[in-house]
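We count residues from 1, following the sequence as given. Keep in mind that what you see is a predicted model, and the values were worked out from it rather than measured.
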Amino acid sequence: MRQNETLLNVIALVAERHLGEALSLLDSYLQAHPQLQSDMEKLQAVNSDYELLLHYWQQGFNDPERDKLYFKLLRRLYTLASNMLLNDHLRNSPFMRNLYSQPRQSGREWSVSAIRAQLEDYVSAQAMLELEPPHTRLPKSHQLHEQHARFMDDLFDYIVTSRLWSETTANGFEAMLLSPTVDLLDRQLIVSAVSLSVMQAFGYHKFSVLCSVYEQADDEALRQRALVGWVMSLGGMKPGLYPEVARRVETLCHDDATLQALTELQMQLFYCMEAEDDGRRIHDEIIPDIMKGSHLRMTRQGLEENDEDSLEDILHPEAAEQHMEQMEQSMHRMADMQRSGADIYFGGFSQMKRFPFFSRLAAWFVPFYPQHPAVSGIWENTKGKRFLETVTKIGAFCDSDKYSFVLAFRQVLDRIPQSMLSMVEQGEASPIPLGGQIADDEQRQPAFQRRLYLQNLYRFHRLFSVRSEFVDPFADVSRYVFFANPAFRLSRLQEHTMEVAAFLYKRKRTRELTLVLDSIDPARRDYNYYIMRARVETVGDEQRRLYQQALSLRPDAEQALAGWARCCFDAQAYDEAIEAYQRLVDMQPERLSYQLSLAACMANADRTTEAEPLLFKLNYLHPDNLNVVRILAWTLMNGAKYDQAERYYEQLGQSQPVPSDDIVNHAFCLWLNGKTSDALKLMNTIDDKASVAESIAAERSFLLGHGLLEVDLQLMLDSLGQSGQSAALN
């Protein structure tokens, strides 16, 4: 989304409390844009009050309210600059300009009281329809729903393009959204409009409305929309200007259910963002197995039963059973993905968002209801009505996908096998969507309803034709990693941070994991924090420090001790590593990796006489373990027992393929044993001569310490055609 850089700089200065500089910059901007006369007048009002405050301060007047006055001026200037930024966006975007103009040129009144009256009249009109005779009820119902859908489209656009709200406007909307006299589906759609608006430009009063709806509404779907809205808006919040946001968030986080919902929401956001990858996996791996076992084939005329498969079943019944088993496994796999939170329908439905219905902004967020004018004709008149009712009721489809499904159904109705359709319509069978049937009690769960709403939001930001005009919370790390937002820093949500950190670590989200870990209050950083932080740290010294911190909290923790030992080994602090690995061996005497690591440390510390007995014992107990052979060979070479080492390197050379490191070390052993020609021949079997030269440079001290000369190293490099690598030896 393109935004005015100067106005963004003004907002940044205000957020940093540099009021004088921000006023000066905005004044220069408005001097260059004389057409913005009303904004200039508002700026002059703020500037006049600022100069008055400055005058009294310069005179040494002691005003105990000075800090509050300065803060109010900052808020006033933020509101002005934010509204100017919104207006600039409207002026420079044809789509946004049309979105702004259409509802305001409709002739409707858009005061809060007028909006509420219109919404309540719709509820009353629906009630009155029940008194109509059947032959007039249906056409009147169509007319009512069509008129109301147009009104809601306009209302959605009006809210999305509205400026920052005053407290009075916010109070009016809050009362409306909590009123049982307004249709629940309308309230859900309005909450989405407010959410989209506050994500465009943060305003405390819109944020507060969403918080209140989440706290006080009695409908779970409405509450979950509000939750997603206020959480995703926090990325645009300026903490220095809105300290009350942190206080509001802290209050919300007193509730255990809210803490659980926020923790789930943070994870669900990542499931949404993995929808494309999940879709490719389903398309490439799962769907082919399902089609293979279904006795159906895809043709230009649609799905057809495969007669050849019936004959194949008779001739090769075992193959049919295998195909059926593969299909069942694939179905279970999709169901497992769905239960774990994956968005299994994104790939399939992403191609169904090109209907004209989705050209309107509100269409991406409107709750599904069969009376909507876009689908009511299909729903009421199709011979597959029962099929539609069943699938939309039991499947884990978000509202957006339900509309896609019904709109597409009319086009594919004639391609569905008639035998299948008849069985469903007559109640003899029930269609089960891929991913399985979702029980009613599960559909009522907050996490399930939140997930489906997030899928609506994700589809909008990935598939809407002019999505670039809107702030994308899935592309802005400060929004989708909300656990790292300063607003939560002093709240109880920090109690759940390590749960989210473990989730991110498992999914290899290193960037986001680092943000979450860094957001933890230093006073709350415990053993688990230091272990997790050490795992993602790439700098050796810092990683050692983190493991040391963990050990200071739990001196006998195996995980921390193993990390510390590995860091010491990497830093060539072998004495410390030996001490640590010895403790680990004492803790876990059967753990082969600890014994091997201990022996490797001893060998590198020139304590080969201690390492050899341990390695010979391990080699006797694990004769086929090549890691034991590898470390034993290196230890023997380090102890100048080259003939013995050669035998073990020859054993390693029998594996296929032979790792290049084993080849190079074998060559080193030959070289140190005076078999220079054989060493050169072995090194020449490696195509990447540069890597061989790097190994010689890395082991320079080892090779020189075992009797070779600098000239020997240089001659080997020359022979390998790597004479240009000689600088690496110095």
**OP:** Walk me through it: do Glu220 and Arg444 pass the test salt bridge (Lys or Arg N to Asp or Glu O under 4.0 Å)?
**Re:** CA-CA 8 Å; Glu220 200 56 62; Arg444 288 191 290 269; over 6 Å; no

Subject >> Evaluation steps, salt bridge (Lys or Arg N to Asp or Glu O under 4.0 Å), between Arg223 and Glu215 >> reply: CA-CA 7 Å; Arg223 294 184 70 242; Glu215 287 178 298; over 6 Å; no

**OP:** Please assess Glu469 against Ser93 for the test side-chain hydrogen bond (donor to acceptor under 3.5 Å, both in side chains), listing each intermediate value before the final yes or no.
**Re:** CA-CA 8 Å; Glu469 299 291 350; Ser93 165; 3.2 Å; yes

**OP:** Please step through side chain to side chain contact (heavy atoms under 4.5 Å, CB included) for the pair Ser162 and Ser197, ending with a clear verdict.
**Re:** CA-CA 7 Å; Ser162 63; Ser197 176; 3.9 Å; yes

**OP:** Could you walk me through whether Tyr453 and Ser192 pass the side chain to side chain contact (heavy atoms under 4.5 Å, CB included) test, one step at a time?
**Re:** CA-CA 10 Å; Tyr453 178 61; Ser192 293; 2.9 Å; yes

Subject >> Stepwise side chain to side chain contact (heavy atoms under 4.5 Å, CB included) check, Arg479 with Leu234 >> reply: CA-CA 7 Å; Arg479 293 179 188 272; Leu234 289 173; over 6 Å; no

Original post:
Would Glu276 and Phe346 count as a side chain to side chain contact (heavy atoms under 4.5 Å, CB included) if you check the C-alpha gap in whole Å, the side-chain angles of each, and the deciding distance to 0.1 Å?
Top reply: CA-CA 7 Å; Glu276 284 94 339; Phe346 177 82; 3.9 Å; yes

Subject >> Test log, rule side-chain hydrogen bond (donor to acceptor under 3.5 Å, both in side chains), inputs Gln371 and Ser376 >> reply: CA-CA 5 Å; Gln371 295 79 26; Ser376 60; over 6 Å; no

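Pairing each heavy atom of Leu269 with each of Phe474, the nearest pair is CD2-CE2, 3.8 Å. Shortest non-hydrogen contact noted between Arg187 and Leu178 is NH1-C, 4.1 Å. Considering all non-hydrogen atoms of both residues, Pro370 and Val375 come closest at O-CG2, 3.9 Å. Of all non-hydrogen atoms in Leu227 and Ala261, the two that sit nearest each other are CD2-CB, 4.0 Å. Pairing each heavy atom of Leu452 with each of Ala396, the nearest pair is CD2-O, 3.7 Å. Closest of all the heavy-atom pairs between Leu457 and Pro473 is CD2-CG, 4.5 Å.
The aromatic rings of Phe460 and Trp364 lie perpendicular to each other, with more than 60° between the two planes, well past the 30° mark. Using a 30° and 60° split on the angle between ring planes, Tyr345 and Phe349 fall in the perpendicular class, above 60°. Below 30°, between 30° and 60°, or above 60°: for His145 and Tyr122 the angle between ring planes is above 60°, a perpendicular geometry. Ring geometry for Phe464 versus Phe470: interplanar angle of 30 to 60°, hence tilted. Below 30°, between 30° and 60°, or above 60°: for Phe357 and His372 the angle between ring planes is above 60°, a perpendicular geometry.
Checking Phe409, Phe368, Tyr369, Phe365 one by one against Tyr403, the ring-ring contact (aromatic ring centres under 6.0 Å, His included) holds for a single residue, Phe368. Considering Asn456, Leu454, Val194 in turn, Asn456 is the only one that fulfils the side-chain contact (heavy atoms from CB on, under 4.5 Å) rule with Arg225. Of the options Tyr458, Phe483, Tyr480, a ring-ring contact (aromatic ring centres under 6.0 Å, His included) to Phe270 is made by Tyr480 and by none of the others.
In terms of modelled atom types and a separation under 3.5 Å, the side chain of Ser101 and the main chain of Arg97 share a donor-acceptor contact. Although no hydrogens or angles enter the test, the distance criterion places no donor-acceptor pair under 3.5 Å between the side chain of Ser141 and the main chain of Arg137. Between the side chain of Thr390 and the main chain of Arg386, a donor-acceptor pair closer than 3.5 Å is present. Side-chain atoms of Asp157 do not come within 3.5 Å of backbone N or O of Pro103 as any donor-acceptor pair. Side-chain atoms of Arg451 never come within 3.5 Å of backbone atoms of Ala447 as a donor-acceptor pair (strictly under, hydrogens ignored). Side-chain N or O atoms of Gln200 include one that pairs as donor or acceptor with a backbone N or O of Val471 at under 3.5 Å. Between the side chain of Gln188 and the backbone N or O of Val366 there is no donor-acceptor pair closer than 3.5 Å. Checking side-chain atoms of Asn92 against main-chain N and O of Asp88 turns up a donor-acceptor pair under 3.5 Å. In this structure, Thr136 contributes its side chain and Glu132 its backbone to no donor-acceptor pair below 3.5 Å. With Gln437 contributing its side chain and Gly395 its backbone, the two residues share no donor-acceptor pair below 3.5 Å.
The closest side-chain heavy-atom distance from Val123 to Thr181 is not below 4.5 Å. You'll find the side chain of Phe503 stays beyond 4.5 Å of the side chain of Thr263, heavy atoms only. In this structure the side chain of Leu119 reaches within 4.5 angstrom of the side chain of Ile190, judged on heavy atoms. Considering only heavy atoms from C-beta on, Arg91 comes within 4.5 Å of Asn87 through its side chain.
One distance of note links NZ of Lys206 with OG1 of Thr169; it measures 9.5 Å at 0.5 Å rounding. For the atom pair SG (Cys211) and CD (Glu174), the distance works out to 10.0 Å, reported to the nearest 0.5 Å. A distance of 10.0 Å separates CG in Leu99 from NE2 in His89, rounded to the nearest 0.5 Å. Taking CZ of Arg150 as the reference point, atom CG of Leu155 lies at 15.0 Å (rounded to 0.5 Å). Summarising the geometry, atom CD belonging to Glu120 is positioned 8.5 Å from atom CE belonging to Met176; distances are rounded to the nearest 0.5 Å. To the nearest 0.5 angstrom, Asp186 atom CG is 4.0 Å from Met152 atom CE.
Salt bridge present: Asp401 and Arg459 bring a charged side-chain N and a carboxylate O closer than 4.0 Å. Of the charged side-chain nitrogens involved, at least one lies within less than 4.0 Å of a carboxylate oxygen, so that Asp154 and Arg108 count as a salt-bridged pair. A salt bridge is absent between Glu380 and Lys385; no separation between the charged side-chain nitrogens and carboxylate oxygens falls under 4.0 Å.
In this structure, Arg104 forms a cation-pi arrangement with Tyr100, its terminal cationic atom sitting closer than 6.0 Å to the ring centre and no more than 45° off the ring axis.
At a cut-off of 3.5 Å, with distance as the only test, no side-chain donor of Gln449 or Gln445 sits close to an acceptor on the other residue. At a cut-off of 3.5 Å, with distance as the only test, no side-chain donor of Tyr505 or Thr510 sits close to an acceptor on the other residue.
Between Phe151 and Trp110, the distance separating the two ring centers is shorter than 6.0 angstrom.
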